[in-house]
Amino acid sequence: QVQLAESGGGLVQAGGSLRLSCAASGRTFTFSRYSMGWFRQAPGREREFVAAFRSGRDSYYQETVKGRFTISRDNAENTLFLQMSDLKPEDTAVYYCAAAQSPYAVRTVSLYDYWGQGTQVTVSS
């Protein structure tokens, strides 16, 4: 089993920054073996891709966050990060960390096997 726990969300003004963390744990969990991603969901909207590592190495981003968000990891601590800068009101959502055994997961919600409970990010104007 794999457990994921997000933290770091909060309320910020437009243009501000936040860093989200996702701590992964579980029996036989190998961080670099999994695709790890960040997704977000705003009220009334479907969960959408934000950023991800494929097999813990190659990174991918949703076009709207490219250049503003950076995904990174700490392999020693099995922790995934999302550094968010120049935040906009449209970034407001619950942000979820996800893990997938499939190397094809990346952007696809349905291919992820494990999810955290989410952390709220609210950006005011």
Side-chain angles (χ1 to χ4, degrees):
Q1 295 182 339
V2 173
Q3 292 83 42
L4 305 174
E6 305 96 336
S7 62
L11 173 64
V12 298
Q13 289 188 304
S17 299
L18 283 173
R19 187 177 76 159
L20 306 183
S21 298
C22 171
S25 62
R27 186 179 299 178
T28 70
F29 180 80
T30 303
F31 189 87
S32 62
R33 180 180 175 185
Y34 285 77
S35 294
M36 299 289 298
W38 289 99
F39 294 78
R40 65 188 182 187
Q41 187 168 20
R45 297 192 176 189
E46 295 184 347
R47 191 166 300 186
E48 65 178 3
F49 167 78
V50 177
F53 279 116
R54 184 188 66 185
S55 300
R57 181 174 175 82
D58 301 318
S59 59
Y60 300 84
Y61 294 91
Q62 182 198 85
E63 189 64 28
T64 60
V65 308
K66 183 76 173 180
R68 298 190 298 120
F69 293 8
T70 302
I71 188 170
S72 61
R73 63 188 183 276
D74 183 336
N75 290 332
E77 297 291 335
N78 282 348
T79 303
L80 186 74
F81 302 97
L82 184 68
Q83 177 66 50
M84 305 184 293
S85 300
D86 191 24
L87 284 162
K88 305 177 184 299
E90 52 264 41
D91 294 317
T92 295
V94 176
Y95 283 70
Y96 297 90
C97 176
Q101 295 187 64
S102 172
Y104 302 105
V106 189
R107 302 171 182 268
T108 308
V109 171
S110 63
L111 294 181
Y112 281 79
D113 304 298
Y114 306 99
W115 295 85
Q117 293 187 333
T119 184
Q120 177 71 48
V121 172
T122 302
V123 185
S124 64
S125 59

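Computation of the quantities below employed the complete heavy-atom set of this structure, encompassing side-chain atoms and omitting hydrogens, waters and symmetry-equivalent molecules. Counting begins at 1 with the first residue of the sequence.
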Quiz item: Which atom names give the shortest non-hydrogen contact between Thr119 and Gly8, and what distance separates them?
Solution: OG1-N, 4.1 Å

Quiz item: Hey, is CD on Glu46 packed in by over 12 heavy atoms from elsewhere, all under 6.0 Å?
Solution: no

Quiz item: Of all heavy-atom pairs between Ser17 and Asp86, which one has the smallest distance, and what is that distance?
Solution: OG-N, 4.3 Å

Quiz item: Is the side chain of Ser21 donor-acceptor paired with the backbone N or O of Ser7 at a distance under 3.5 Å, no angle test?
Solution: no

Self-check item: same_hphob_cluster(Leu80, Leu111) at 4.5 Å side-chain heavy-atom cutoff
Solution: no

Quiz item: Taking only residues two or more places apart in sequence, or in another chain, which ones meet Gln120 in a side-chain hydrogen bond (donor to acceptor under 3.5 Å, both in side chains)?
Solution: Thr122

Exercise. Answer with yes or no whether the hydrophobic clustering places Met36 together with Val2; edges join I, L, V, M, F, W, Y residues whose side-chain heavy atoms lie under 4.5 Å apart.
Key: yes

Quiz item: Is the backbone of Ile71 close enough, under 3.5 Å, to the side chain of Tyr61 for a donor and an acceptor to pair up by distance?
Solution: yes

Quiz item: From Ser35 OG over to Asp58 CG, what is the distance, rounded to the nearest 0.5 angstrom?
Solution: 9.5 Å

Practice problem: With rounding to the nearest 0.5 Å, note down the distance linking NZ in Lys88 to OG in Ser125. | Solution: 12.5 Å

Quiz item: Taking side chain as C-beta onward, heavy atoms only, is Phe69 less than 4.5 Å from Trp38?
Solution: no

Self-check item: side-chain contact (heavy atoms from CB on, under 4.5 Å) partners of Ala98, counting only residues at least two apart
Solution: Phe39, Tyr112, Trp115

Quiz prompt | Listed partners of Arg107 passing side-chain hydrogen bond (donor to acceptor under 3.5 Å, both in side chains), at least two apart | solution = none

Quiz item: With sequence neighbours left out, what residues match Val123 under side-chain contact (heavy atoms from CB on, under 4.5 Å)?
Solution: Val12, Ala14, Leu87, Pro89, Asp91, Thr92, Val121

Quiz item: Taking all atoms of both residues into account, what is the closest heavy-atom pair of Val109 and Arg47, and its distance?
Solution: CG2-O, 3.9 Å

Exercise. Identify, with sequence neighbours excluded, every residue that meets side-chain hydrogen bond (donor to acceptor under 3.5 Å, both in side chains) alongside Thr108.
Key: none

Practice problem: Could you list the residues that satisfy side-chain hydrogen bond (donor to acceptor under 3.5 Å, both in side chains) with Tyr95, not counting sequence neighbours? | Solution: Arg40

Quiz item: Are Glu6 and Leu20 side-chain neighbours, meaning at least one heavy-atom pair lies under 4.5 Å?
Solution: no

Exercise. For residues Phe53 and Ser59, report the shortest heavy-atom separation together with the two atoms involved.
Key: CE2-CB, 3.9 Å

Self-check item: Close side-chain approach of Tyr96 to Leu4, heavy-atom, < 4.5 Å
Solution: no

Practice problem: Can you see which heavy atom on Thr79 is nearest to which on Phe81, and at what distance? | Solution: CG2-CZ, 3.6 Å

Quiz item: Are Leu18 and Val50 in one and the same hydrophobic cluster, where Ile, Leu, Val, Met, Phe, Trp and Tyr link if side-chain heavy atoms are under 4.5 Å apart?
Solution: yes

